[in-house]
Amino acid sequence: MATQPGGGTVAGSSKATPQKSFFWSCFSCRILTGSGLAGAGLWVHLGVRRSLPHSSPGNLYNIIRLVLAVGLYSAAIVIIVDPVEPK
């Protein structure tokens, strides 16, 4: 991509695709990071399950913790699958 002295880009020049770092291109690194996030999600989820009595509804704190656990699970899936990388 052509740049001007002031830092702008020249009209009509194509943008180069950003290169991923080595960490995100390594499959074993993605598996390690994703499994760590999934384990953290499982730990949060089991902590909520143990603290909830079976007969009463959950309070707002427990609901927020469950949402956090789902977020950790989702982040783990996104890191392991890596949907942005072109095949």
Side-chain angles (χ1 to χ4, degrees):
M1 174 171 32
T3 59
Q4 294 176 344
T9 60
V10 175
S13 63
S14 64
K15 289 190 173 191
T17 58
Q19 297 294 325
K20 286 189 176 185
S21 67
F22 175 73
F23 179 77
W24 292 110
S25 63
C26 174
F27 182 70
S28 63
C29 298
R30 290 194 334 248
I31 291 293
L32 180 66
T33 306
S35 62
L37 281 172
L42 181 66
W43 182 70
V44 171
H45 182 241
L46 289 179
V48 174
R49 295 277 300 179
R50 287 185 190 129
S51 68
L52 281 177
H54 293 290
S55 60
S56 68
N59 57 10
L60 183 61
Y61 177 65
N62 288 334
I63 293 170
I64 290 172
R65 287 177 22 185
L66 284 174
V67 169
L68 175 68
V70 169
L72 288 170
Y73 289 141
S74 301
I77 290 170
V78 167
I79 287 177
I80 291 172
V81 173
D82 195 19
V84 180
E85 184 177 321
K87 301 293 184 219

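For clarity, every value in this text was computed on a predicted model and none was experimentally measured. These values consider heavy atoms only, across backbone and side chains, with no hydrogens, waters or symmetry-generated copies. Residues: numbered from 1 along the sequence shown.
- Contact between A69 and G41 at its shortest, heavy atoms only, is CB-O, 3.6 Å.
- At a threshold of 4.5 Å between non-hydrogen side-chain atoms, the residues R30 and I79 count as touching.
- Heavy atoms only, all atoms of each residue included: A76 and G34 are closest at CB-O, 3.2 Å.
- Interatomic distance, N59 CG to I64 CD1, rounded to the nearest 0.5 Å: 9.0 Å.
- Within the hydrophobic cluster formed by Ile, Leu, Val, Met, Phe, Trp and Tyr side chains joined at under 4.5 Å, directly or through other members, L42 is accompanied by L46, Y73.
- The distance from the SG atom of C26 to the CG atom of L32 is 9.0 Å, given to the nearest 0.5 Å.
- Taking hydrophobic clusters as Ile, Leu, Val, Met, Phe, Trp and Tyr residues chained together by side-chain heavy-atom distances below 4.5 Å, L68 does not share a cluster with V70.
- The CG atom of N62 sits 11.5 Å away from atom CZ of R49, with the distance rounded to the nearest 0.5 Å.
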